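What's counted below: heavy atoms across the whole structure, side chains too, no hydrogens, waters or symmetry copies. From a predicted model like this one, the values you see are computed outputs, not experimental measurements. Every number for a ligand or one of its atoms is a count from 1 in the order of the listing.
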Amino acid sequence: MAFPKGFLIGAATAAHQVEGDNMASDFWLMEQMEHTSYAEPSLAAIDHYHRFAGDIELLANAGLNAFRFSIEWARIEPEPGKFSAEALNHYRAVIDCCRVRGVEPIVTLFHFSSPAWLIRQGGWEAPETVASFARYVRYVAEGLGDRLHYVFTINEANLGAQIAGYIKLAANGDADGTNIQMGLNLEGRDAEAAAMEAEYRELFGTPSPASFNTPRTDQGNRVIMDAHRAACAVLRDVCPHAVVGLTLSLHDLQPVTGGEAAAAEQWHTEFGQFMPAIADDDILGIQSYTRAFVGPEGMLPTAPDAHVTQMGYEYYPEAAGHLVRRIASEFNGKIMMTENGVGTADDAERCTFIERVMADLEECVSDGVPLVGYCHWSLLDNFEWESGYRMQFGLVAVDRTTMERLPRPSLELLGSYAKRIGA
Ligand code: BGC
């Protein structure tokens with residue numbers, strides 16, 4: 001069995017995690033604080049800003065036909081209302097580099113890092129952020145829209161909603177952050193709380209800056225949904241040909257006896273509450289990393305005997321197929337798996353993960369599920385947020401002293417599925 005003609009198989013990245021020197025962003029400042037929850041600062045990251053052509057070449061040579069990357073708002077608009085034509089030209093060059101190699105560029109307009117000024121103005125809890133985001137999106141759409149086909153407005157729009165849940169989970173005794181899908185260090189945040197607040201006040205004018213990776217209130221979730229709708233309206237207006245949506249981080253929720261109601265509630269937190277904002281979208285990006293068992297009180301910590309990834313959550317490739325089927329039954333548009341992968345030092349484990357995911361997704365597609373593509377997280381080992389550079393999600397390893405790229409067997413393996421598309 002093979003994926004049908006037109007199916008996309010690629011790899012994903014995000015600007016702040018790979019580009020380097022994202023100095024106008026909130027994350028850059030938070031990483032540099034004396035008291036910080038970040039294991040280390042991103043600094044030059046893996047210098048993808050200057051090495052993108054070689055990175056895209058590696059991906060294309062392996063046979064992959066899609067590259068998902070994000071445009072960095074803090075580079076495009078380093079000060080409110082002041083746009084950088086140079087940054088815009090950079091992303092135009094990235095898109096063109098993909099096209100020349102027959103690779104579909106899949107663009108995310110916002111992947112967690114914000115301009116620092118946005119956070120000083122109230123960040124992701126402030127209603128004014130909706131207009132600021134729409135203004136940024138208009139600038140990008142007017143400059144690049146003619147070249148874009150797949151556009152995702154906000155990466156993991158539900159991240160802050162999930163984090164609010166994780167904090168509850170930590171308070172209930174799961175303080176190691178099991179089940180957490182992004183490199184967060186909740187303990188680090190707690191331990192340093194008072195000292196961090198003072199530094200935050202200096203940098204952002206508030207002891208609790210509403211950056212994207214902080215717990216969201218219901219009001220904040222509304223801001224995000226409104227920002228998405230406003231961005232969609234701009235994209236419809238400027239580049240009506242684009243296929244537009246957002247992405248959500250989703251657990252494959254599996255209730256244990258008595259956990260059905262809590263699982264339904266968790267699904268509402270992760271997916272249902274966003275439905276009104278995405279129901280008319282062309283596409284939904286699903287990001288799947290693991291499953292979570294749910295008991296009567298909510299998500300359960302990862303079982304002590306589970307096979308876990310570097311991130312501490314369960315190695316469970318079957319989550320991807322389960323989620324694609326579940327979403328297909330609740331959402332009307334196209335579906336793309338915009339992220340899926342595993343942090344591991346053992347590439348053989350990554351290869352098995354890919355094989356198990358691909359087998360399930362091929363079945364989904366042959367059963368008629370409107371899945372249009374798959375992007376593996378990640379093309380390259382990169383900056384895993386608060387966990388720093390210790391996580392290995394890449395199809396390609398990077399020696400950060402020389403910035404040398406070292407492709408792993410998993411890159412060829414994923415490429416072999418792409419080469420068989422339409423066969
Ligand atoms: C995020 C990525 C992150 C990945 C692996 C996703 O939640 O979109 O930025 O690196 O998970 O943890």
Side-chain angles (χ1 to χ4, degrees), residues 10-19 22 25-27 30-31 37-40 42 45-46 48 68-73 106-114 152-163 165-166 176-186 211-214 216 224 245-252 270-271 284-292 302 308-317 319-320 323 336-345 350 353 357 374-396 398:
T13 59
H16 187 79
Q17 296 178 268
V18 294
E19 287 181 348
N22 188 18
S25 71
D26 55 345
F27 279 82
M30 295 189 295
E31 293 156 20
S37 53
Y38 286 77
E40 57 189 316
S42 56
I46 51 166
H48 176 73
R68 175 173 177 241
F69 64 94
S70 72
I71 293 182
E72 183 58 51
W73 184 359
I106 299 169
V107 167
T108 310
L109 295 170
F110 177 84
H111 194 126
F112 299 166
S113 42
S114 309
F152 292 95
T153 59
I154 299 178
N155 183 63
E156 298 190 347
N158 59 351
L159 179 74
Q162 283 185 328
I163 293 174
Y166 298 146
D176 321 334
T178 45
N179 287 326
I180 291 181
Q181 284 187 243
M182 172 200 177
L184 292 173
N185 177 7
L186 298 180
S211 56
F212 202 75
N213 67 336
T214 53
R216 269 304 65 76
I224 288 169
L246 53 62
T247 82
L248 294 174
S249 155
L250 298 170
H251 288 99
D252 174 15
E270 295 190 4
F271 176 72
L284 175 65
I286 304 181
Q287 321 219 139
S288 160
Y289 286 91
T290 191
R291 71 172 158 187
T302 305
V308 293
T309 73
Q310 285 175 330
M311 298 289 280
Y313 50 67
E314 191 183 355
Y315 177 96
Y316 187 68
L323 279 167
M336 186 183 288
M337 177 123 301
T338 37
E339 279 182 38
N340 170 253
V342 53
T344 175
R350 186 177 351 267
F353 191 93
V357 169
Y374 171 87
C375 293
H376 191 79
W377 185 269
S378 179
L379 177 61
L380 302 140
D381 281 351
N382 61 48
F383 180 70
E384 180 55 31
W385 310 108
E386 288 174 42
S387 302
Y389 290 102
R390 12 189 202 120
M391 303 299 172
Q392 294 152 293
F393 277 96
L395 299 168
V396 177
V398 179

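Within ligand 1, the atoms closer than 4.0 Å to a non-hydrogen atom of Q287 are 8 (O), numbered from 1 in the order shown. The distance from ligand 1 to the heavy atoms of M311 drops below 4.0 Å at these ligand atoms: 12 (O). Every atom of ligand 1 is numbered from 1 in the order shown, and the set under 4.0 Å from a heavy atom of H111 is 1 (C), 2 (C), 8 (O), 9 (O). Ligand 1 places these atoms under 4.0 Å from at least one heavy atom of Q17: 2 (C), 3 (C), 9 (O), 10 (O). Listed by atom number, the atoms of ligand 1 under 4.0 Å from W385 heavy atoms are 2 (C), 3 (C), 9 (O), 10 (O).
One N or O on the side chain of T290 and one on the backbone of E314 form a donor-acceptor pair closer than 3.5 Å. S249 contributes no side-chain N or O that, together with a main-chain N or O of Q287, makes up a donor-acceptor pair within less than 3.5 Å.
For atom 1 (C) of ligand 1, the candidate residues are M391, Q310, E339; the nearest heavy-atom contact is made by E339. In this structure, of Y289, F112, F393, the residue bringing a heavy atom nearest to atom 4 (C) of ligand 1 is Y289.
Classified by interplanar angle (parallel below 30°, tilted 30° to 60°, perpendicular above 60°), the ring pair Y374/H376 is tilted. Ring orientation note: the planes of F212 and F112 are close to parallel, at an angle under 30° on the 30°/60° scale.
Remark: ligand 1 and Y313 share no N or O pair separated by less than 3.5 Å (distance only, no angle test). Between N382 and ligand 1, a contact under 3.5 Å exists for no N or O pair.
Considering only residues two or more places apart in sequence or on other chains, Y315 meets the side chain to side chain donor-acceptor pair (under 3.5 Å) condition with none of them. For Q392, the side-chain contact (heavy atoms from CB on, under 4.5 Å) test picks out Q310, A345, D381, R408, with sequence neighbours left out.
Salt bridge R390/E40: absent, no basic N to carboxylate O contact under 4.0 Å.
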